[in-house]
Amino acid sequence: MMLLVPGDPLRPRRPDEHYAAEAAHARDLGLEVVCVDHDALVRGDARSVVVKDGGRALYRGWMLSASQYAGLAQALEAQGVQMVTSAEDYRRAHELPCWYRDLASVTPQAAWSSDDSREGFDHARSRLGSGAAVLRDYTKSMKHYWHEAAFIPDLEDAQAAWKVASRFRELREDDFTGGYVLRRFEEFGPAEVRTWWVGGVCVLAGPHPDSPEALPAATVDTQPYASIVGALGLPFVTVDLAQRRDGVWRVIELGDGQVSDCPASNIAELAGHYASLG
């Protein structure tokens, strides 16, 4: 199996610095490492990805949209290479409306629109009802702009809510994906846990890359989520968990493992599971 990682923009044949250690671990484990031009993939041009042999490939790199990933999978298929995660499965893990219903019992309530219109936003807002909410699109929030582009204190205040949505749309620019997603606000502790799942089995649990030095006081038990994640039938995903103020663990996010960041302290252990995906 081969591991695809972004190449260094100045030295394209070398892995980007962020993925260099991961690539080194993969090589030590006997995997072929291929550097790809991430900027070309984002432009929708996957023709620059050329491999020597067929087989199976795992991508570990910066986020790609579902259509960009589909282009990569198609370009490799033409060279006799099959991605570990199909384009369809990538979208299922990457976009919230594709996974929400399967995890609805363990994640905050959500409603969404199909575009960036005010009408669609207001429809999603009315479906969620009253109270506070957190805004995002199908793939990403702007939580670092919490008060201006993420947190909506009162869903019934239409003008204030739309002001937050408008700022969110402005900040996301061309990366805006799908439509607006509103999620019921639940109060969580300051630290999240990122869990990694291969073939429906949790192989690693550790800090979230946004807070690599922080872990919740309580240890999360991933067993209650095993049947739910396993039923998805997805080969490689992450599940981010946080402990609500009442002590209940909740799913914050499901993501495709190929584009989920990993703290440096967990990279070696994670890379040890790549061969099993092949």
Side-chain angles (χ1 to χ4, degrees), residues 1-7 12-13 15-16 18-20 22-27 29-99 102 138-140 175 177-178 194-204 229-239 253-262 267 270-278:
M1 190 178 78
M2 67 185 72
L3 182 70
L4 310 177
V5 299
R13 294 184 180 181
D16 184 281
H18 189 77
Y19 292 96
E22 196 164 341
H25 286 302
R27 286 194 179 101
L29 293 166
L31 276 65
E32 178 187 0
V33 175
V34 176
C35 294
V36 301
D37 184 342
H38 179 262
D39 290 340
L41 297 181
V42 170
R43 292 194 301 269
D45 180 11
R47 293 172 297 178
S48 62
V49 182
V50 178
V51 297
K52 297 178 181 178
D53 303 305
R56 285 168 66 78
L58 177 72
Y59 173 72
R60 280 287 296 150
W62 311 116
M63 187 178 290
L64 298 172
S65 71
S67 61
Q68 291 161 357
Y69 183 86
L72 172 63
Q74 185 177 21
L76 288 172
E77 186 177 358
Q79 299 177 64
V81 176
Q82 181 182 11
M83 296 296 292
V84 166
T85 299
S86 69
E88 179 183 358
D89 283 347
Y90 181 83
R91 183 184 290 275
R92 287 177 57 212
H94 190 54
E95 298 186 359
L96 182 144
C98 296
W99 58 257
D102 292 304
Y138 286 12
T139 64
K140 189 175 176 61
D175 292 326
T177 302
R194 173 156 288 179
T195 61
W196 300 79
W197 300 72
V198 173
V201 177
C202 183
V203 298
L204 175 63
V229 178
L232 296 172
L234 297 170
F236 183 39
V237 297
T238 54
V239 179
E253 183 85 63
L254 179 83
D256 186 87
Q258 298 175 107
V259 294
S260 297
D261 200 9
C262 182
I267 285 175
L270 179 64
H273 296 281
Y274 290 165
S276 65
L277 285 161

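Computed from a prediction, not measured in an experiment: that's the story for all the values here.
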Next item on the list: Give the C-alpha distance, both sets of side-chain angles, the deciding distance and a yes or no for side-chain contact (heavy atoms from CB on, under 4.5 Å) between Arg194 and Asp261.
Entry: CA-CA 9 Å; Arg194 173 156 288 179; Asp261 200 9; 4.3 Å; yes

Next item on the list: For side-chain contact (heavy atoms from CB on, under 4.5 Å), just list the numbers for Asp175 and Met63, CA-CA rounded to whole Å, side-chain angles, deciding distance to a tenth of an Å, and then say yes or no.
Entry: CA-CA 10 Å; Asp175 292 326; Met63 187 178 290; over 6 Å; no

Checklist line | Worked check of side-chain contact (heavy atoms from CB on, under 4.5 Å) between His94 and Leu64 | finding: CA-CA 9 Å; His94 190 54; Leu64 298 172; over 6 Å; no

Note to self: Quick one, Tyr274 with Leu29, criterion side-chain contact (heavy atoms from CB on, under 4.5 Å). Give me CA distance, side-chain angles, the key distance, then yes/no.
What the structure shows: CA-CA 9 Å; Tyr274 290 165; Leu29 293 166; 6.0 Å; no

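Between Leu277 and Arg56, the shortest heavy-atom distance links the atoms O-NH2, 3.3 Å. Pairing each heavy atom of Val198 with each of His273, the nearest pair is CG2-CB, 4.4 Å. Taking all atoms of both residues into account, the shortest heavy-atom contact from Val42 to Gln68 is O-NE2, 3.0 Å. Taking every heavy atom of both residues into account, Val239 and Thr195 meet most closely at O-OG1, 2.7 Å. Across all non-hydrogen atoms, the minimal contact from Cys262 to Leu270 is SG-CD2, 3.9 Å. What you find for Asp45 and Arg47 is that their closest heavy atoms are OD1-NE, 2.9 Å.
Although no hydrogens or angles enter the test, the distance criterion places a donor-acceptor pair under 3.5 Å between the side chain of Gln79 and the main chain of Val49. A donor-acceptor pair under 3.5 Å links the side-chain atoms of Tyr19 to the main chain of Gly61, judged by distance alone. A donor-acceptor distance shorter than 3.5 angstrom exists from the side chain of Arg60 to the backbone of Ser260, with no hydrogens or angles considered.
With values rounded to the nearest 0.5 angstrom, His18 atom NE2 is found 4.5 Å from Trp62 atom CH2. For the atom pair CZ of Arg91 and CG of Asp89, the computed distance is 12.0 Å after rounding to the nearest 0.5 Å. In this structure, the separation between CE on Met83 and CD on Gln258 is 4.5 Å, given to the nearest 0.5 Å. Here the straight-line distance linking atom NZ of Lys140 with atom CD of Glu95 works out to 14.5 Å at 0.5 Å rounding. One distance of note links OG1 of Thr238 with CD of Glu253; it measures 7.5 Å at 0.5 Å rounding. With rounding to the nearest 0.5 angstrom, the SG atom of Cys35 is 9.0 Å from the CG atom of Asp16.
No option in Tyr59, Tyr69, Phe236, Trp99 other than Tyr69 meets the ring-ring contact (aromatic ring centres under 6.0 Å, His included) test with Tyr90. The side-chain contact (heavy atoms from CB on, under 4.5 Å) test with Leu4 is passed by exactly one of Leu76, Val33, Leu58: Leu76.
Counting non-hydrogen atoms of neighbouring residues, nucleotides and ligands closer than 6.0 angstrom, the CD atom of Glu88 reaches no more than 12 such neighbours.
Using a 4.5 Å cut-off on side-chain heavy atoms (C-beta onward), Leu254 and Leu232 make contact. Side chains of Asp256 and Thr85 form a contact here, defined as non-hydrogen atoms less than 4.5 Å apart.
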